[in-house]
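Below: the structure, in structure tokens.
Whatever order the structure lists them in is the order used to number ligands and atoms, beginning at 1.
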Amino acid sequence: MNLILLGAPGAGKGTQAEVISKHLSIPTISTGNIIREALKSGSGMGREAKKFVDAGQLVPDDVVIGIIRERLAEKDCEDGFILDGFPRTIPQAEALDRMGVVIDRVIDIEVADETIARRMTGRRVCPGCGSSYHLEYKPPKETGVCDSCGDTLIQRKDDHPDTVQDRLTVYHEQTEPLKSYYAASDKLYIVEGQEEVADTIRLTLAALE
Ligand code: AMP
């Protein structure tokens, strides 16, 4: 099955993707993760993307379309895949169509902006091992210190409050129109994000039936 997970940044698409990936034994392709890896490694693409990511803006369409074109050509995508964070604009969705990629379902995880802002601004990450924490929901044992490797936790630049607001604005302006794009072909399934992650997972799995 070829799936797209839609939803604002911070709506919990990554967690849902992980569960679906195990459930259907298909890989998750997250453009956000691929871009973050490129930032870390300092590759040409990473350097090009950095100013957009740090500002909470979208990386230009041609860059992400190129990433997806290459990734979907890999062998592990033959039996299906989950796109997490792509497409994020109508031109990206059109490019996917032009590549001849047939999407079976689009699952949209709906979460209120206020909830997303609380989740994202409270997030802290470990630059050493990549572990993720939350000041309110998943605090480290010792304030500011990674439980796993002892490194000092940081706040991602794109999780700063102003940047989060910018990312939500970008979402509403550029990504939300994709709901109508996919609803037009009856592919859209809406899942209301729940307080408890396990409840959202249940609804997401039901949308795959
Ligand atoms: P994410 O973790 O999915 O929120 O992605 C982090 C950042 O990577 C976003 O704020 C964008 O700057 C960039 N990014 C990820 N996916 C895309 C995409 N499909 N189109 C444009 N930019 C993207």
Taking heavy atoms and a distance under 4.0 Å, where does Gln57 meet ligand 1: side chain, backbone, both or neither?
backbone
At less than 4.0 angstrom from any non-hydrogen atom of Val64, what atoms of ligand 1 do you find?
17 (C), 18 (C), 20 (N), 21 (C)
Does atom NZ of Lys179 have more than 12 heavy-atom neighbours from other groups under 6.0 Å away?
yes
Test: Arg167 and Asp113 ion pair at under 4.0 Å
no
Atom 10 (O) of ligand 1: nearest protein contact (heavy atom, Å)
Arg167 NE, 3.8 Å
Between Ile190 and Ile4, is there shared hydrophobic-cluster membership here, with clusters defined by ILVMFWY side-chain heavy atoms closer than 4.5 Å?
yes
Crowded around Glu136 CD? As in, over 12 foreign heavy atoms under 6.0 Å?
yes
Got the closest protein heavy atom to atom 6 (C) of ligand 1, with its distance?
Arg36 NH1, 3.5 Å
When distances are taken from atom 16 (N) of ligand 1, the protein heavy atom at minimum range is Thr31 OG1, 2.8 Å
Please check if the number of heavy atoms outside Asp199 that lie under 6.0 Å from its CG is greater than 12.
yes
Considering only the protein, which heavy-atom contact is closest to atom 20 (N) of ligand 1, and what is its distance?
Gln92 NE2, 2.9 Å
Pick whichever of Gln174, Arg88, Lys13 has a heavy atom sitting closest to atom 1 (P) of ligand 1.
Arg88
Only heavy atoms count here, so choose which of Thr89, Thr175, Ile35, Val53 is nearest to atom 23 (C) of ligand 1.
Ile35
On a heavy-atom basis, I'd like to know which of Ala11, Gly32, Ser30 is closest to atom 5 (O) of ligand 1.
Gly32
side-chain hydrogen bond (donor to acceptor under 3.5 Å, both in side chains), paired with Gln16, selected from Thr200, Asp84, Thr204
Thr204
Geometric N/O contact Asp158 with ligand 1, under 3.5 angstrom:
no
Can any side-chain N or O of Thr163 pair as donor or acceptor with the backbone N or O of Asp158 at less than 3.5 Å?
no
Identity and separation of the nearest protein heavy atom to atom 22 (N) of ligand 1
Val59 N, 3.0 Å
Answer yes or no: does an N/O atom from Gly85 fall short of 3.5 Å to an N/O atom of ligand 1?
yes
Which value, rounded to the nearest 0.5 Å, describes the distance between Lys138 atom NZ and Arg123 atom CZ?
11.5 Å
